[in-house]
Amino acid sequence: MSNPDNTPIFSRGTYNVATETPFTEVGATSAPLTSAAFFLGAFCKEYNEDFMLCKQENADPRHCLAEGRKVTRCTLDLLAKLKANCGAEYKAHWTCLDNGNHEFNKCRPEERALNDCVFNKLGLSKHIPDTPKTEDPIHLKKKPIHH
């Protein structure tokens, strides 16, 4: 489902689990979420960590509903900020991923433009875990093997 400007709708409905308060689902497809994934990791880090620690405490899914809602709200917040501040760059990147089987290497120019916009307007930078300190991360290489 899309908006008139053909961008994904980030909020499709609400759910009510038993007697819990209704909550909004993210409602984004895999390409916009993949495009935003590294930024979500940084922006929502504390909420994600709390959620994962909660899940380790108790296997009952109901035990962590509050933490899960915080992760969802944080995700909705970042997606709205991406769309408001870097909408064209964000759409270009997730569209490229969607059309290119979610392969980042096919979308490096769009990724660079998005990374620059997100850094300049939101102060977030992409960090790839376990990248050797002596090496430039793949998304920063001027001439990566795959381009």
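The shown structure was predicted, so the numbers you read here are calculated from the model rather than taken from an experiment. Quick note: residue numbers are just sequence positions, from 1.
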Chemist: Scan His93, Lys91, Glu110 and name whichever one has a side-chain hydrogen bond (donor to acceptor under 3.5 Å, both in side chains) with Ser35.
Modeler: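 Single pass found, and it is His93.
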Chemist: Do you know the tightest heavy-atom contact between Leu97 and Ala31?
Modeler: CD1-O, 4.1 Å
Chemist: Name all pairs fulfilling the salt bridge (Lys or Arg N to Asp or Glu O under 4.0 Å) condition that reach into residues 29-46, sequence neighbours left out, sorted by first residue then second.
Modeler: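 Output for this query lists Lys45-Glu49.
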Chemist: State, yes or no, whether a side-chain contact exists between Leu40 and Asn48 at a heavy-atom distance under 4.5 Å.
Modeler: no
Chemist: Which pair of non-hydrogen atoms, one from Asp50 and one from Glu67, has the smallest distance, and what is that distance?
Modeler: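 Here Asp50 and Glu67 meet closest at O-CG, 4.2 Å.
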Chemist: Run Arg112 and Asp116 through salt bridge (Lys or Arg N to Asp or Glu O under 4.0 Å) and show every step you take.
Modeler: CA-CA 6 Å; Arg112 282 187 194 96; Asp116 288 345; over 6 Å; no
Chemist: Can you measure from CZ (Phe51) to SG (Cys74) and round to the nearest 0.5 angstrom?
Modeler: 13.5 Å
Chemist: Search all heavy atoms of Val71 against all heavy atoms of Tyr47 and return the closest pair with its distance.
Modeler: CG2-O, 3.5 Å
Chemist: Roughly how far, to the nearest 0.5 Å, is SG of Cys44 from CG of Leu76?
Modeler: 9.5 Å
Chemist: Calculate, to the nearest 0.5 Å, the distance between atoms CG and CG belonging to Asn115 and Leu124 respectively.
Modeler: 10.5 Å
Chemist: Can you tell if the side chain of Leu53 reaches within under 4.5 Å of the side chain of Gln56, non-hydrogen atoms only?
Modeler: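 Side-chain contact under 4.5 Å: yes.
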Chemist: Of all heavy-atom pairs between Cys64 and Lys55, which one has the smallest distance, and what is that distance?
Modeler: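 Where Cys64 meets Lys55 most closely, the heavy atoms are SG-N, 3.4 Å.
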Chemist: When you compare the side chain of Phe43 with that of Thr75, does any pair of heavy atoms fall below 4.5 Å?
Modeler: no
Chemist: As an exercise, state the distance from SG of Cys54 to CG of Asp60, rounded to the nearest 0.5 Å.
Modeler: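 Result: 9.5 Å between the selected atoms.
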Chemist: Checking the side chain of Lys121 only, and the main-chain atoms of Asn85 only, is there a donor and an acceptor separated by less than 3.5 Å?
Modeler: yes
Chemist: Answer yes or no: is there an ion pair linking Lys81 with Asp77, defined by an N-O contact shorter than 4.0 Å?
Modeler: yes
Chemist: Looking at side-chain heavy atoms only, is the closest gap between Cys117 and Tyr90 below 4.5 Å?
Modeler: no
Chemist: State the CG-SG distance between Asn101 and Cys107, to the nearest 0.5 angstrom.
Modeler: 10.5 Å
Chemist: Any side-chain heavy atom of Asp98 within less than 4.5 Å of one from Thr29?
Modeler: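 They are not in side-chain contact.
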Chemist: Distance from Leu78 atom CG to Phe39 atom CZ, nearest 0.5 Å?
Modeler: 8.5 Å
